[in-house]
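To start, the structure under review is shown below, and the notes come after it.
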Amino acid sequence: MSDQTPSTPTTPDVRDVAPGVRQVAVGHPFLSYMYLLDSDEGVIAFDAGIRGSGPDILAAAGGTIAKVVLSHAHADHRGGAPELDAPIFCHPDEVPDAQGEWPQSYLDFGLIENELVRDGIQQLNRQWDSGPLEIAGTVVEGDEVAGLRVIHVPGHAPGEIALFRAADGLLIAGDAIYTQDLEIAQPAPARVPHPSTNWSTDQARASIRKLITYNPTSVWTSHADAVTGDDIAAQLEAAAAFGEG
Ligand SMILES: [Zn+2]
């Protein structure tokens, strides 16, 4: 399907993060994490990594994906989706962008100060993407995906969603919370995503504050470390306020 798809078997980089939830690292050297969720329907992919990630994701899942649910439709989250041979779902507010060409109209790479990153990230995004998707259905606030609750967290993208499980406080925040400094591509304290990547940075801040009300005990993101510890609420409030004003 993709000319970047490896023809030789690969060893996926997989980590168990909680019962029924695995994190798969794809897209070296600009790392993306996607999540595999065990469910009665089979293994559900929360995000799909970049174009060419499909074989690693399928191998990690044991060969088959039942359904793909996108946190949002940026290239590094949707690019591998067509390779998973499964119906693709997203939030209704994300459907136009999921079915449209990259780049989304609101992306503004001119806001990235580091010239090398500014140019490089646009080239990479073009390589990562696999074009418009066919969306099979939608998930909305309060729906369940593999026993995790859908939370609508608009801001980074209009139809951004996170997944939360009350039983153990597990929150998969996707790109709603960044634990990376985009300007230097290095891990960093939790923060609102870089304005260049956001549909509305103000709404992204409000969505982080919405997530605090769920009292998560671990917060898993798409590009770097999880947010953990005894002071998650304080870390997330700092994330919401990062660069504000
Ligand atoms: Zn994104």
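One-based numbering, in listed order, for ligands and for the atoms of each.
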### Task
Please state whether the rings of H74 and H156 are parallel, tilted or perpendicular, taking 30° and 60° as the class boundaries.
perpendicular

### Nearest to the Zn ion (ligand 1) - the N/O/S atom of D175, by atom name
OD2

### Task
Restricting to N/O/S, name the atom of H74 that gets closest to the Zn ion (ligand 1).
ND1

### Query
Parallel under 30°, tilted from 30 to 60°, perpendicular over 60°: which one fits the rings of H77 and H223?
perpendicular

### Task
Check the hydrophobic clustering (I, L, V, M, F, W, Y; side-chain heavy atoms under 4.5 Å; chains of links allowed) and say if I44 and W220 are grouped together.
yes

#### Entry: R205 and E237 ion-paired at < 4.0 Å
no

### Message
If you round to 10 degrees, what value do you get for the angle at the Zn ion (ligand 1) between H72 atom NE2 and H156 atom NE2?
### Response
100°

